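Just so it is clear, the model here is predicted, and its values are computed rather than measured. Chain naming here is simple, since letters A, B, ... match the order of the sequence lines and numbering starts at 1 in each.
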Protein chains: 2
Amino acid sequence: MVDSVETRERRPLSRERVLRAAVELADREGVEAISLRRLGQELGVEAMAIYRHVRDKDDIVDGAVDAVVGEIEVGEPSEDWQAAMRALAMAARSVMLRHRWAPAVIVTRQNVGPAMLGQIERVLQILRRGGFTIDAAHHAVHVLGSRILGFTQDPFNDSAQASGPQPPPDEVVRAFAPYPAVAELAVAARHDGALGGCDDDFEFEFGLDLVLDGLDRRRASASD
Amino acid sequence: MVDSVETRERRPLSRERVLRAAVELADREGVEAISLRRLGQELGVEAMAIYRHVRDKDDIVDGAVDAVVGEIEVGEPSEDWQAAMRALAMAARSVMLRHRWAPAVIVTRQNVGPAMLGQIERVLQILRRGGFTIDAAHHAVHVLGSRILGFTQDPFNDSAQASGPQPPPDEVVRAFAPYPAVAELAVAARHDGALGGCDDDFEFEFGLDLVLDGLDRRRASASD
DNA sequence: AACATAGCCCTACGCCGTAAACTCGTCAAG
DNA sequence: CTTGACGAGTTTACGGCGTAGGGCTATGTT
């Protein structure tokens, strides 16, 4: 006897499948359209079934965002760091244009998924290979992240803000094992700032002055 | 006979009072805490009473955001445009630090309230007085807006995206009457870009190159 | 005195996220 | 062949959400 329709066409659910559906739904109808009932409907399943594969709704949204960030394609980076960063930025932009809901969501959440960490790693490697000091690279990530790349809300926020008992350096290194440049930065960032994290005020003024300088240089340019 | 408690201590509601309560509530418990029932509770009133003074919930959130933007204090701007912009940016930052929920919300919404328009107007005046061409000022607003000032998602988006029948220039001018520099820009922006609005791609690359240039100049600096 | 209006309340509807208990097919151990 | 555990999915229920629609009352106007 043949399998019933239900049995045949219901491939088992999975985190992957849930997140993919969430991204597609957000692409079609905006982030607000993401709800468990709606997602279940989209997947041919009751809403609560989704909880087998996902912690809660935030986990879905964070996961969808990280999936989008993961779409940013990475070729072998050019030798010239500016060219490499430019290529990465344009790749990021084209992805964000495919998923217009994503940037706004990224800004809202401070959660940093693996794909995002991977991109930060890539940026740091490009910069360090281009001759940036750790500090300079750190500031560069802040400036690039928020506006240009559409990700980052620095990953060390927790250790920085909490100011409670900080994990020992080697534990930090282990947590960031697959991301050596990020780990290097994480350790370096603990030595200076009073709280061991980023000095937000400094990063803000760094970016501000960078922009003001750049604008001054282009002040009189009239071409569009 | 004395007034009942209800009659005496219930000053009439007003849009002002609702928005102020919304800002305070968001400051205390985050934007998500803003709900009509909760707001009513906060104001000593049933939820539905709020609808007499406000269109809907989005109107409340947009209004709260604009109220926050309106908190940015503006002294007489310095002669030096860089100093003036720096002062404005720092003022904006200090306000945003008082209302940490605001920047993320601003990014989400493309609604531009009067306070926000007023700030854009101020920025444009500073820039034009500093010798910027209209075009250069336009690009500068884009670069400054999203990261540094925490507002702007350009105000001409509608006319740019819609690409339907555009209102005649004089109508645009009238809509922006209290904001002469904005109006000037709005008219200028219609002459060039294929769609009569901003060329998003250009703005993106402009900001990108500005940042890359600036970073290159600071590449080797080691101080934090 | 008659009525209009403003300001607020009440009820109800269809959404939402999620806790808890259920069903049911699969499969290994006895 | 029975039994029992287990995992995936379902069902039900709860409290909260935005808001449409209508009702009540106090005040002001004529």
Step by step, work out the side-chain contact (heavy atoms from CB on, under 4.5 Å) result for Val61(A) and Thr108(A). CA-CA 11 Å; Val61(A) 177; Thr108(A) 311; over 6 Å; no
Between protein and nucleic acid, restricted to nucleotides 22-24 of chain D and to nitrogen or oxygen atoms under 3.5 Å apart, what atom pairs and distances do you find?
none

Figure out the CG/P separation between Leu43(B) and dC9(C), and round it to whole Å. 11 Å
In this structure, CG of Leu39(B) is separated from NZ of Lys57(B) (nearest 0.5 Å) by 9.5 Å
Going by an N to O cut-off under 4.0 Å, is there a salt bridge joining Arg28(A) and Glu42(A)? yes
Could you state the atom-to-atom distance from CD of Glu46(A) to P of dC24(C) in whole Å? 15 Å
Please list, for nucleotides 16-18 of chain C, all pairs of protein and nucleotide N/O atoms separated by less than 3.5 Å.
| residue | atom | partner | partner atom | Å |
| --- | --- | --- | --- | --- |
| dC16(C) | OP1 | Ser35(A) | OG | 2.8 |
| dC16(C) | N3 | Arg37(A) | NH2 | 3.4 |
| dC16(C) | N4 | Arg37(A) | NH2 | 3.2 |
| dG17(C) | OP1 | Lys57(A) | NZ | 3.2 |
| dG17(C) | OP2 | Leu36(A) | N | 2.9 |
| dG17(C) | N7 | Arg37(A) | NH2 | 2.6 |
| dG17(C) | O6 | Arg37(A) | NH2 | 2.7 |
| dT18(C) | OP2 | Tyr51(A) | OH | 2.6 |
| dT18(C) | OP2 | Lys57(A) | N | 3.0 |
| dT18(C) | O5' | Tyr51(A) | OH | 3.0 |

Find the distance Gln41(A):CD to dG9(D):C1' and express it as a whole number of Å. 17 Å
Rounding to an integer number of Å, can you tell me how far Leu39(B) CG sits from dG16(D) P? 16 Å
Between Leu25(B) and Ile34(B), what is the shortest heavy-atom contact and its length? CD2-CA, 4.0 Å
Can you name the one residue among Arg20(B), Arg98(B), Arg93(B) that meets salt bridge (Lys or Arg N to Asp or Glu O under 4.0 Å) with Glu71(B)? Arg98(B)
Give a yes or no on whether a salt bridge exists between Asp27(A) and Arg100(A), defined as a side-chain N under 4.0 angstrom from a carboxylate O. no
At less than 4.0 Å, is any side-chain N or O atom of His53(B) found next to OP1 or OP2 of dA6(C)? Yes or no. no
Any salt bridge between Arg38(B) and Glu29(B), counting N to O under 4.0 Å? yes
Could you tell me how far apart Glu32(B) (CD) and dG16(D) (C1') are, to the nearest whole angstrom? 14 Å
Would you check if the side chain of Asp66(A) reaches a backbone N or O of Met116(A) as a donor-acceptor pair within less than 3.5 Å? yes
